[in-house]
> 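The structure is given below, and queries will be raised subsequently.
Both counts, for ligands and for their atoms, begin at 1 and track the order of listing.
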Amino acid sequence: MKVSWKTIMLWSLPLLVIGFFLWQGFLTPATTDIDNNVANSRMTYGRFLEYLDMGWIKRVDMYDNGHTAIVEALGPELGNRVQKIRVELPANAPELITKLRKAQIDIDAHPPKTNGAVLNLIGNLFFPLLFIGGLAILFRRSGNNAGGPGQAMSFGKSKALFQMEAKTGVAFNDVAGVDEAKEEFQEVVTFLKEPDSFTAVGAKIPKGVLLVGPPGTGKTLLAKAIAGEANVPFFSISGSEFVEMFVGVGASRVRDLFKKAKENAPCIVFIDEIDAVGRQRGTGIGGGNDEREQTLNQLLTEMDGFEGNTGIIVIAATNRVDILDSALLRPGRFDRQVTVDVPDLNGRLAILEVHAKNKKMDTDISLKTIARRTPGFSGADLANLLNEAAIITARKRKNAITMAEVDASIDRIVAGMEGTHLVNSKSKRLIAYHEIGHAIVGTLLKDHDPVQKVTLVPRGQARGLTWFVPNDDQSLISKTQIMARIMGALGGRAAEEIVFGNTEVTTGASNDLQQVTSMARQMVTRFGMSKIGPLSLESESSNPFLGRGMNTSSEYSDEIAIQIDKQVQGIVAECHKQVLSIIEDNRVVIDQLVDMLLEQETIDGKTLEKIISGYTLIPVKQEYVKQL
Ligand code: ADP
Ligand code: MG
Ligand code: ZN
């Protein structure tokens with residue numbers, strides 16, 4: 001069972017009672033109070049100084065951070081007996097201490113008092129008040145939900161139910177790289193701003209828009225931008241917050257949310273992670289979830305309940321539209337779908353431009369180059385990247401972000417933290433050959449992505465890394481390109497084999513081999529790129545409840561299975577053979593590059609190409625030329 005705030009609150013009440021008595025019994029007497037040991041007489045600071053000069057002061061006790069002193073004085077004016085007198089000291093009298101010490105008067109300082117009379121009272125009342133307050137809340141809650149025995153303990157209203165932002169302050173200009181989505185939403189903004197022109201011609205304003213896309217692509221940002229552009233309030237709640245252990249809570253939250261929204265219309269209601277409640281009903285491992293279904297039903301009821309023209313537009317976000325209950329997608333509910341995908345090259349450039357605006361960038365920064373190095377990065381990743389770079393810049397005490405910091409952040413985001421550098425040893429030499437093996441194959445194959453750099457600086461799990469500049473169009477990849485990638489991935493192991501011999505190869509290539517196998521297998525079973533022919537034999541699983549790609553469904557005979565294995569083996573063997581010959585043919589330049597790498601730790605792609613071109617012809621890489 002999961003422990004929630006409610007359980008904690010429930011159990012804390014008896015504890016509070018005990019705590020109250022403890023407080024009364026043990027704590028109060030231990031506190032000291034200035035008022036208890038002060039005589040009622042007072043004197044001025046000036047008088048005090050006079051007494052001091054006369055030698056009548058015997059002892060000084062400071063309180064209140066040195067603002068108040070209780071002095072013990074003995075003098076003829078005081079009837080020749082010791083009296084305690086209170087003196088208010090000026091805030092700044094450091095010379096007083098020196099003076100007191102010179103006169104050899106006993107001084108003592110007491111820590112600031114914790115509770116004076118008033119504080120004492122508050123302190124004594126604190127726990128009873130808390131106790132009574134707690135009871136009151138408890139009764140109010142159960143009074144509200146007096147709808148049946150099961151609901152008496154439901155705390156549906158005890159938490160903040162949803163967030164409300166009167167003004168999001170986000171404009172369409174803050175969202176970049178998702179132009180189609182923005183265009184769709186321009187219309188929604190118009191609905192919110194001037195609903196009359198639509199109702200006049202009998203048009204129904206859409207109630208719900210579903211934003212579909214992977215995490216970090218700007219779905220929340222877009223929803224906020226709509227509210228910002230239309231200048232309406234923004235209500236938001238996350239689907240996972242609906243799913244509660246108490247029955248009926250989710251549904252009552254939905255009710256409350258829409259009630260508040262109606263009071264504030266026109267407005268935007270944003271439901272993040274709607275898949276948490278909006279899954280296909282009656283499915284899933286372990287049967288349905290009544291609470292979730294109730295919440296979903298309530299949501300559907302609410303959406304049906306308001307007329308299209310009340311000015312509430314519900315925007316929901318998910319990254320799994322395929323698992324949503326079909327009732328959610330019906331007309332009148334989330335009938336519009338807007339897809340926001342991971343940005344392409346131009347999208348990334350535009351997003352970088354947005355986030356570079358408020359950062360100090362050196363003139364050497366090329367956002368285009370950054371965009372080219374970051375395929376697959378979402379908007380959030382890119383924002384994070386520039387922020388990381390800014391942090392590194394600040395740590396180096398530089399005054400503008402340069403390419404070096406951006407590169408370092410990309411490396412870190414993609415490959416992990418920098419590890420401790422390797423000491424010179426045979427294994428470092430082997431790693432150097434392995435990496436140069438990848439790099440030379442990548443450089444010499446026309447269809448391989450160009451090398452960005454080779455490095456022996458360990459990162460994450462990797463002890464050396466070869467970085468490639470990926471071709472941006474990752475959606476259509478030709479057979480030769482896949483073959484080139486397989487060869488590039490085999491380059492490391494091949495170099496180990498040729499230089500150190502078959503028996504000396506290491507486990508360092510295991511990751512490469514995994515990729516090689518997976519690429520070769522997909523060529524055969526998914527892309528129809530083998531002698532078996534254009535057949536799709538396996539497809540990536542789309543079972544939403546077992547996670548992505550966890551199992552693959554296969555529908556073929558054992559005979560085909562044997563053929564598949566043979567084809568996969570054949571492809572890899574052919575690639576391996578070619579790679580071995582590339583390494584053998586270029587052994588001289590490889591040796592030279594390895595020495596250089598061991599000395600410098602990192603070689604960038606340009607330098608690498610220049611050196612290799614001194615020995616052999618490097619084919620022109622079309623994509624590379626076009627993009628530069
Ligand atoms: P999602 O809701 O899709 O997971 P968010 O909207 O929460 O993503 O994005 C997180 C952050 O990433 C945003 O606050 C913004 O700084 C940045 N971001 C994401 N996408 C974009 C984009 N298209 N344009 C500008 N910034 C973006
Ligand atoms: Mg979000
Ligand atoms: Zn490798």
> What closest approach, in Å, do Ile498 and Leu580 show between heavy atoms, and which atom pair accounts for it?
CD1-O, 3.2 Å

> Would you give the angle at the Zn ion (ligand 3) between His438 atom NE2 and His434 atom NE2, to the nearest 10°?
90°

> Taking heavy atoms and a distance under 4.0 Å, where does Leu222 meet ligand 1: side chain, backbone, both or neither?
neither

> With a 4.0 Å cut-off on heavy atoms, does Ala176 reach ligand 1?
yes

> Would you check whether Gly177 reaches within less than 4.0 Å of ligand 1, judged by its heavy atoms?
no

> Evaluate the side-chain proximity of Lys219 to Ile315: yes if any heavy-atom separation is below 4.5 Å, no if none is.
no

> Students should be able to answer this: which protein heavy-atom is nearest to atom 8 (O) of ligand 1, and at what distance?
Gly218 N, 3.2 Å

> With the threshold set at under 4.0 angstrom, would you say His355 reaches ligand 1 through any of its heavy atoms?
yes

> Which is it for Leu221 and ligand 1 at heavy atoms under 4.0 Å: side chain, backbone, both or neither?
both

> Closest approach of Gly239 and Val277, non-hydrogen atoms and distance?
O-CG1, 3.9 Å

> Is it true that some N/O/S atom of Asp512, main chain or side chain, lies under 2.8 Å from the Zn ion (ligand 3)?
yes

> Numbering the atoms of ligand 1 from 1, which are under 4.0 Å from a heavy atom of Pro215?
4 (O)

> Is the shortest side-chain N to carboxylate O distance from Glu353 to Lys368 below 4.0 Å?
no

> For Met403 and Ile370, run side-chain contact (heavy atoms from CB on, under 4.5 Å): C-alpha distance rounded to whole Å, both residues' side-chain angles, the deciding distance at 0.1 Å, then the answer.
CA-CA 9 Å; Met403 224 39 204; Ile370 302 175; 3.5 Å; yes

> Can you find a non-hydrogen atom of Asp174 under 4.0 Å from ligand 1?
yes

> Tell me which one of Lys398, Arg395, Lys359, Lys360 satisfies salt bridge (Lys or Arg N to Asp or Glu O under 4.0 Å) with Glu405.
Lys398

> Between Asp411 and Lys453, does any side-chain N to carboxylate O distance fall below 4.0 Å?
yes

> Do Glu388 and Arg412 sit within salt-bridge range, that is, some charged N less than 4.0 Å from a carboxylate O?
yes

> Can you tell me if Gly216 contacts ligand 1 (heavy atom of the residue under 4.0 Å from the ligand)?
yes

> Of Ile571, Val516, Asp565, which is the lone residue that meets side chain to side chain contact (heavy atoms under 4.5 Å, CB included) with Arg521?
Asp565

> Quick test of your reading of the model: are Glu187 and Arg336 salt-bridged, counting only N-O distances below 4.0 Å?
yes

> Among residues at least two apart in sequence or on other chains, which ones pass ring-ring contact (aromatic ring centres under 6.0 Å, His included) with Phe270?
Phe234

> Which residues and atoms, protein N, O or S only, are under 2.8 Å from the Mg ion (ligand 2)?
Thr220 OG1

> Kindly confirm or rule out an N or O of Asp272 lying under 3.5 angstrom from an N or O of ligand 1.
no

> With a 4.0 Å cut-off, would you call Asp322 and Arg320 a salt bridge?
yes

> For ligand 1, which atoms, with element, lie under 4.0 Å from some heavy atom of Ala380?
10 (C), 12 (O), 17 (C), 18 (N), 19 (C)

> Can you tell me the protein heavy atom closest to atom 18 (N) of ligand 1 and the distance?
Gly379 C, 3.6 Å

> In the protein, what heavy atom is nearest to atom 2 (O) of ligand 1, and what distance, to one decimal place, separates them?
Thr220 OG1, 2.6 Å

> Any Lys/Arg nitrogen of Asp591 or Arg587 sitting under 4.0 Å from an Asp/Glu carboxylate oxygen of the other?
yes

> Which atoms of ligand 1 are found less than 4.0 Å from any heavy atom of Val175?
23 (N), 24 (N)

